[in-house]
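Along the sequence shown, the residues carry numbers beginning at 1. Just so you know, these numbers come straight off a predicted model, no measurement behind them.
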Amino acid sequence: MPGVWQRHPRYSIFVFVVLATTFYLLNPYQQDIPQFRPSIELHDKSLPGRLSRADKTYAKLLRDRQALIKKFGPTPKDVALFPPDVEPWPPYTVWDFFPPAYNCPHEVERLGALGDGGKWVCGLSRVESKPDCVVYSFGINYESSFEAEILANTENCEIWGYDFSVKSFGPQIPSSLAHRTHFHAFGLSGSDKHGPADDPKMYTLDSLMKMNGHTHIDILKIDIEGWEFETVTTLVKSYLSAGLPLPFGQLQLEIHIWNKSFAEFLTWWETLEEAGLRPFWTEPNLVYQNYNKQGTSDLAEYSFLNIKGNNVFIKDPQRAVRHEIDAPQ
């Protein structure tokens, strides 16, 4: 049987001409189209306005807190963390004085496992394509669903994890993303104790950042079972005394209020506020409460935004200059 080309020679010639013309017309344009290096183009004109409104909201909270202290105090030393179950049954706990009243100016999402292990993050999209995204995580305990979700939802974020009680991140991090993680069995402390005889070896945040060659951390997670008071106080006060912004964009912190008075906790909290930390989310640790039913609600997860400095969550990065790349001839 004769082929289609033999049976319809004119049709075959027409198809050939159309294809040849198409290739001829398209090829020159492909050579002339300039290509650009990728660049970060986060630019949100409404961001300053949203931050300004959040500042006003938080200023009201500060006034309300002082009124509540006066009502149940009248001074901080007179306020109980958890009032006793006797008349007149004051309707509060310590956590009611410290609500997450600062509005995150971006999307808020919970990363990691539901229940114990997950954390609330403000504006992960702001670091989704950030080329130098840095995350530090203190307190692993073989549960790394939070870290795994950060890796899965960003292109370049690298995570430095520290926990002297385990030997690695948890199994939630897949091998395909493990190259962006770095684990060390060190502890976080308010002072350096990592000599030959020190076990476990403890480092300040500043020391670890210098070891890693970092000047800024985008997301900082701390869950160190009560040692957050000494550690965070030392860190914050050193930057306050130097007149410098804290070296991180946001902080996910589990607070263990064991053996504290209201006045002590208030002083510590106000130091965080003075340094620019604003809580945008909280949740009680109900897993702990479930196994401590006769006790008080001593544990709470807080997420803070750092509103001082130039971190990517409160200010747009400078627009990268586009550089044309000559296409191959």
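F229 carries K260 over the face of its six-membered ring, with the cationic atom under 6.0 Å from the centre and within 45° of the normal.
The aromatic rings of H194 and Y203 lie parallel to each other, their planes meeting at an angle below 30°, with 60° marking the opposite boundary. W95 and Y302 have tilted rings, their planes meeting at an angle from 30° to 60° on a 0 to 90° scale. Relative orientation of the F97 and F72 rings is perpendicular, given thresholds of 30° and 60° on the angle between their planes.
Taking both residues in full, the closest heavy atoms of Y92 and L81 are given as CE1-O, 4.4 Å, listed atom of the first, atom of the second, then distance. Contact between P105 and L305 at its shortest, heavy atoms only, is CD-CD2, 3.8 Å. For the residue pair H256 and E228, the shortest heavy atom distance occurs at N-OE2, 2.6 Å.
Residue pairs meeting the disulfide (SG to SG under 2.5 Å) criterion with at least one member in residues 142-209, sequence neighbours excluded: C133-C157. The salt bridge (charged side-chain N to carboxylate O under 4.0 Å, His left out) contacts involving residues 285-312 comprise K119-E301, where partners must be two or more places apart or lie in separate chains.
The pair E147-K221 meets the salt-bridge criterion, since a charged nitrogen lies less than 4.0 angstrom from a carboxylate oxygen. Taking the charged nitrogens against the carboxylate oxygens, D64 and K60 do have a contact shorter than 4.0 Å, which makes a salt bridge. Note on K201 versus D199: no salt bridge recorded, every NZ/NE/NH1/NH2 to OD/OE distance being 4.0 Å or above. Between R126 and D44 there is no salt bridge, since no side-chain N of the basic residue sits under 4.0 Å from a carboxylate O of the acidic one.
In this model, a donor atom of one side chain and an acceptor atom of the other lie less than 3.5 Å apart for E273 and Y58. A donor-acceptor contact closer than 3.5 angstrom is absent between the side chains of Q250 and S303. Residues D55 and S52 bring no donor and acceptor atom of their side chains to less than 3.5 Å of each other. A donor and an acceptor atom, one from each side chain of D206 and Y239, are located under 3.5 Å apart. Between S145 and Q172, the side chains place no donor N or O within less than 3.5 Å of an acceptor N or O (distance only, hydrogens not considered).
Grouping the Ile, Leu, Val, Met, Phe, Trp and Tyr side chains by contacts below 4.5 angstrom, directly or via other members, places F138 with M211. Note: the hydrophobic cluster containing L68 also contains L61 (ILVMFWY, side chain heavy atoms under 4.5 Å, direct or indirect links). When the side chains of ILVMFWY residues are joined at heavy-atom separations under 4.5 Å, either directly or via intervening members, V236 and L62 end up in a single hydrophobic cluster.
With E149 contributing its side chain and G112 its backbone, the two residues share a donor-acceptor pair below 3.5 Å. No donor-acceptor pair under 3.5 Å is formed between the side chain of N156 and the backbone N or O of D132. Distance alone, capped at 3.5 Å, is enough to place a donor-acceptor pair between the N306 side chain and the F248 backbone. In this structure a side-chain-to-backbone donor-acceptor pair under 3.5 Å is missing from S144 to I140.
Annotation: side chain to side chain donor-acceptor pair (under 3.5 Å) contacts of N292 (sequence neighbours excluded): Y288. With sequence neighbours excluded, the residues forming a side chain to side chain donor-acceptor pair (under 3.5 Å) with T233 are W268, listed by chain and number. Considering only residues two or more places apart in sequence or on other chains, T154 meets the side chain to side chain donor-acceptor pair (under 3.5 Å) condition with R180.
F304 pairs in a ring pair (Phe, Tyr, Trp, His ring centres under 6.0 Å) with only one of the listed residues (W281, Y102, W269), which is W269.
Other residues, nucleotides and ligands contribute more than 12 heavy atoms inside 6.0 Å of the CG atom of N290.
By the 4.5 Å side-chain criterion applied to Ile, Leu, Val, Met, Phe, Trp and Tyr, W89 is assigned to no cluster and stands alone.
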